[in-house]
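Worksheet: one structure, shown below.
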Amino acid sequence: MMSPVLGVSFLALVLSGGAWAFAPIGGGASTHVSITGTAVLQKVTEVCRAIAESEGLDFTPTGNSAEELVQACLGPKATGEVSAAKFKSALNEIYIQNGQVDRDFVNSPAHHFNSEAFAEGRRLITDGVVSIKANVQRENFQAARETLGRVLHTLQDFYSHSNWVDLGYTEPYTNLIRPDLPLENLADVSTPTCSDCANGGFCSNSILPNILNEKKLTSGYMGIFSAAKPKGKCSHGGAADLTSSEVPRGGISKDERRSDNVALHTAAVTVATTATLQLLDDIRGAAGDNDYLRLMGIARSSVVAFVIDTTGSMKDDILEAKRVVNEIIDSKKGTQDEPSQYILVPFNDPGFGPLIRTTNPDVMKAEIAKLTADGGGDLPEMCLSGLQLALTGAPASSHIYVFTDAVAKDIALKDTIVALIRSTKSTVSFFMTGDGARRSRRAVESRAATFENYKDLALASGGQAIGVTKENLPQATDIIIDSSTSALVTVLQRARNSGKAETFSFLLDESLNNITIYITGKSLTFTLKNPAGVTQKQNEANGKLGTVQTVGNLYRVRLATDKHTGLWEISMNSNQPYTLKVTGQSTIAFIYNFVETFEGPHPGYALISGRPKAGMPAMLLVSVLGRKGPASVKVANVALVTVSGSEVIGGALEDMGNGDFLVTVTKVPAGEFVVLLNGTDVVSSTVFQRQSTTQMSVSKVTIKAMVDRSMEPGKPFTLPFTVMTDATGGSYKISASNDREFKMNVPGSIAVTTGGNSTGEMTITVPANTPSGTDVTLTIEAVAPGASDSNYAVLRLSVVTKVTDFTPPQCEVVSVSAVDCPADPAACSSAFWQLSANLTDGVNGTGITSLTHLQGVGSLTHTDRKQTVVAAAFNASCCTLTVELEAVDKARNVGTCRFSIGRNAGPPSVALSIPRPVHPAVGVSAGLCPLHYVPQTPTYLI
């Protein structure tokens, strides 16, 4: 079993069964998930500690769980609850994309470094890193995480599928992430590399002695559909590899730990982990510490996202939105409830956007202050187009608020919006105000129909559709302030299309705070009862259980702080449709994804992009978060629950450890459903209840598409897709939409037979002026004949400009001031030293764009970065003995160098802190970043 790094071990989504090992999501001691998780947690720990030290704060995790790491990273900066849900979600995005490489690219040698495809595999890595850095620069973190997962799979496979560790190397082959350096000493296609393994399985020492002696680099050939391979070549090995039965038989894969390869498997895991750390460190250098943490989901959970109608009748609504934003910013500053991001999307007619996204509250204040009510006039507005921008631009699980008094001109986007809601799990609430205008009967009916569509979208997301007059709007917007908070969880949510007398029960646990009940509907009464039997009715504004506020069709019940834990009830009575939602603040939460199994050499679980398949069990990967890590909660059951009915179907739980569960529900409810989880909080010994908000349903139609590369500005991008159906065969309507309004050529229909599948393709044309790092969210929908069924796929694509500069900046230490640091560390502050260095990106480079110091407390000054040679000076006391300078060029290449002095212990030393290139024939080279220390005498050249 691989040892923890810096005491931090993390294994998420690790599932038992099968021959997994270096598999996507599998059991065994070492998997792609465990390797990635160990490296990610170590790097996050390093970054959090570095930021804390630079700000003079403590960094003291109380344990090694994700929850405790996030608490230590964010907790000292502000008061309040700290949720690790975003971090766990980000990790799962990386893990799942990593694993899906074994499904989507099972027969691609380059994605696995099989069949000696070294140049092609490296190109996938380096192109992917360019895309990641470009996405991060434009704050498109989800697209960056998905690419990172795929890149890490390929990088890690190199050490398992090649003979790198067989050659005796214990450090990563850094040339794999440095395209400016050659891949050297590769075995050519005509060079035999293996001897025959007579037993047809795996044999130790099957690589030919001359290959080992000459340090020739090779990898095993893999044939899933063919046994052909060049004469004398090694095979990957295993039952799925047809080439392993051809002489030379056997295989050199180190995916699994076997009796013949224990040492080699362990070495491959160790080096793959180190290589993952190096890649993450390179991305950290290009991103900077704060954006690196945002990439990894280390951020306060609250996000403020407004979509605002700016037509002429919306003056009062805009003023109220401004007031709410200012109140949120001013009242929550310095707390964990302070939003980590602000998003604003205006819409009008015919225009909408742009998407304004910022982490700076002052920028948000300034942007929303610019909004004015103008234009419109023909009533229908581009509401859903604006909402589409917000859903694709906001982080997943955001709360988005739409202000409008008009019907949607773009109601055809409704199915796309539903798909994006389900994909992002974001909550959308509508504030629908009357504009007071007198209208024709037809206009009134059209308005009512559109508002019903808004209600449908709110219900699908778990939000509210609030109808209110413009005069009373300020009383309704408290719901925004309620949800602009950290660690927000949903305890219960139900909806009824036709009201009747019904009682709903829900559990409140000791960890919950700020508990609020929202009811939307008309002509209703309700009675709330606590575990002690105390009751309060809807007409009691200030009762024994809390306060009741009524505005428009919204009832807002805020429970008193001295709540009773246990089973509560709310009895509803209405003959009209209504919704019920119970929320609170708690770090006890869960995240989930619907998945499906896939077979192959490395079977696993893949994310379902659309609706799960009807007629078969539903499978979910569920991660549960506790107050003090996964050990502080016990899960009792997970069930699928119909929101508009009373059906509750429990699933079979398989505990995977570390708070992760595989849940299998054999009979899926008909209609729309959500996920309900019950368990026990070990800290307080109280039972808890949590519910997802996003509604889901199953489908007999499946549509799949695969992202295998980035898009390039000015060039058309072709994307194949496949439609499968167990429903009625015939002509399936195809539609597609993207949030950038890029021109697309999409087939209008595709013929599919019952039980069969058909493939089509679409083309997206990327404008030549599209900035590198732009992400594009594409939604594809397939509708069965007669609109009897449908499904969708949501993909994130990246636009990346071709990069030609792959050489990182270089540095030269010019001089060091006279150094006489006292031997006693207690006296270190009385002596000082100065380092002078020159940094350059070369005459053909893109130029240095940032220069910082990562290690060491002191002051760094430098000349204009636009100069070919940038002169830098670092001043520090002798309390800092080491400084690490980092330079990033415009192509996001990172060069780092480290300088150390001693305490009366001889001359100073210069060392490389960035990975050095390794040439298989000779071992470690002199280094990729020439550093020259030039004191008076003597001269040291490294």
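Along the sequence shown, residues carry numbers from 1.
- Between Phe430 and Tyr454, the ring planes are parallel. Angles under 30° get that label, and only those over 60° would be called perpendicular.
- Although no hydrogens or angles enter the test, the distance criterion places no donor-acceptor pair under 3.5 Å between the side chain of Thr770 and the main chain of Val766.
- What you find for Thr587 and Arg627 is that their closest heavy atoms are OG1-CG, 3.3 Å.
- Residues Val325 and Phe306 meet the side-chain proximity criterion, which asks for heavy atoms closer than 4.5 Å.
- To the nearest 0.5 angstrom, Thr550 atom OG1 is 9.0 Å from Ile519 atom CD1.
- Panel note: side chain Ser692, backbone Val675; a donor-acceptor pair is recorded below 3.5 Å.
- The neighbour count for Lys315 NZ, taken as heavy atoms of other residues, nucleotides or ligands under 6.0 Å away, does not exceed 12.
- Ion pairing between Glu139 and Arg294 holds under the 4.0 Å rule for side-chain N and carboxylate O.
- Rounding to the nearest 0.5 angstrom, the gap separating the CG atom in Asp456 from the CD atom in Gln695 is 9.5 Å.
- Side-chain contact between Thr310 and Ile318 is present, with heavy atoms from C-beta onward closer than 4.5 Å.
- Between Thr520 and Asn553, the side chains place no donor N or O within less than 3.5 Å of an acceptor N or O (distance only, hydrogens not considered).
- The backbone N or O of Gly393 sits less than 3.5 Å from a side-chain atom of Arg357, completing a donor-acceptor pair.
- Ring-plane geometry between Phe431 and Phe403 is classed as parallel, the angle between the planes falling under 30 degrees on a 0 to 90 degree scale with a further cut at 60.
- Residue-environment remark: CD (Gln576) exceeds the threshold of 12 foreign heavy atoms within 6.0 Å.
- Side chains of Gln137 and Lys133 form no contact here, defined as non-hydrogen atoms less than 4.5 Å apart.
- Using modelled atom types and a 3.5 Å distance limit, the side chains of Ser798 and Asp775 yield no donor-acceptor pair.
- Side-chain N/O atoms of Asn472 and Thr469 include a donor and acceptor closer than 3.5 Å.
- A salt bridge links Glu452 with Lys455: at least one charged nitrogen is closer than 4.0 Å to a carboxylate oxygen.
- The salt bridge (charged side-chain N to carboxylate O under 4.0 Å, His left out) test applied to Glu672 returns Arg422, not counting sequence neighbours.
- Note that OG of Ser574 and CG of Leu580 are 12.0 Å apart. Values are rounded to the nearest 0.5 Å.
- When all heavy atoms of Leu389 and Gly353 are compared, the closest pair comes out as CD1-CA, 3.9 Å.
- Within the 4.5 Å cutoff, the side chain of Leu420 has heavy atoms near those of the Thr779 side chain.
- Side-chain polar atoms of Arg556 and Gln464 form no donor-acceptor pair below 3.5 angstrom.
- With 3.5 Å as the limit, one finds a donor-acceptor pair spanning the side chains of Gln142 and Glu146.
- Side chain of Arg690 to main chain of Ile588: a donor-acceptor pair is present (N/O by atom type, distance under 3.5 Å, no hydrogens or angles).
- Counting only heavy atoms from C-beta outward, the side chains of Val303 and Tyr342 never approach each other to under 4.5 Å.
- Here the closest non-hydrogen pair linking Gln493 and Leu459 is NE2-O, 4.3 Å.
- In this structure, CG in Asn135 is found 9.5 Å from CZ in Arg796, a value given to the nearest 0.5 Å.
- Of all heavy-atom pairs between Gln691 and Leu492, the closest is OE1-CA, 3.7 Å.
- In plain terms, the two heavy atoms of Ser426 and Pro395 that are nearest each other are OG-O, 3.8 Å.
- For Gln336 (side chain) and Leu74 (main-chain N/O), a donor-acceptor pair under 3.5 Å exists by modelled atom type.
- The aromatic ring centroids of Tyr555 and Tyr518 lie 6.0 Å or more from each other.
- Between Leu512 and Val491, some side-chain heavy-atom pair lies under the 4.5 Å cut-off.
- Checked by atom type, the side-chain pair Asp337/Thr335 shows no donor-acceptor distance below 3.5 Å.
- Side-chain atoms of Ser486 do not come within 3.5 Å of backbone N or O of Ser302 as any donor-acceptor pair.
- With a 4.5 Å cut-off on side-chain heavy atoms, Leu488 and Asn514 do not count as touching.
- The two residues Ala476 and Leu554 have their closest heavy-atom pair at O-CD2, 4.2 Å.
- Annotation: the span from Phe352 atom CZ to Gln388 atom CD amounts to 7.0 Å, rounded to 0.5 Å.
- Using a 4.0 Å cut-off between charged nitrogen and carboxylate oxygen, Lys365 and Asp330 count as a salt-bridge pair.
- Thr147 places a side-chain N or O within 3.5 Å of a backbone atom of Ala143 that can act as its donor or acceptor partner.
- Between the side chains of Arg145 and Asn140, no donor N or O sits under 3.5 Å from an acceptor N or O.
- Of the options Gln585, Arg558, Lys581, a side-chain hydrogen bond (donor to acceptor under 3.5 Å, both in side chains) to Thr516 is made by Arg558 and by none of the others.
- Between the side chain of Glu320 and the main chain of Thr477, no donor-acceptor pair closer than 3.5 Å is present.
- In this structure, Lys425 contributes its side chain and Tyr592 its backbone to a donor-acceptor pair below 3.5 Å.
- Side-chain N or O atoms of Thr774 include none that pairs as donor or acceptor with a backbone N or O of Val799 at under 3.5 Å.
- For the residue pair Thr392 / Thr777, no side-chain donor-acceptor distance below 3.5 Å is found, with atom types taken as modelled.
- A heavy-atom distance below 4.5 Å is found between the side chains of Tyr578 and Met572.
- In this structure, the side-chain hydrogen bond (donor to acceptor under 3.5 Å, both in side chains) partners of Asp410, at least two apart in sequence or on a different chain, are Ser385.
- Salt bridge status for Lys333 with Glu338: absent, with no side-chain N to carboxylate O gap under 4.0 Å.
- Distance check: Asp349 CG to Thr311 OG1 gives 8.5 Å after rounding to the nearest 0.5 Å.
- Side chains of Lys470 and Thr433: a donor on one and an acceptor on the other come within 3.5 Å.
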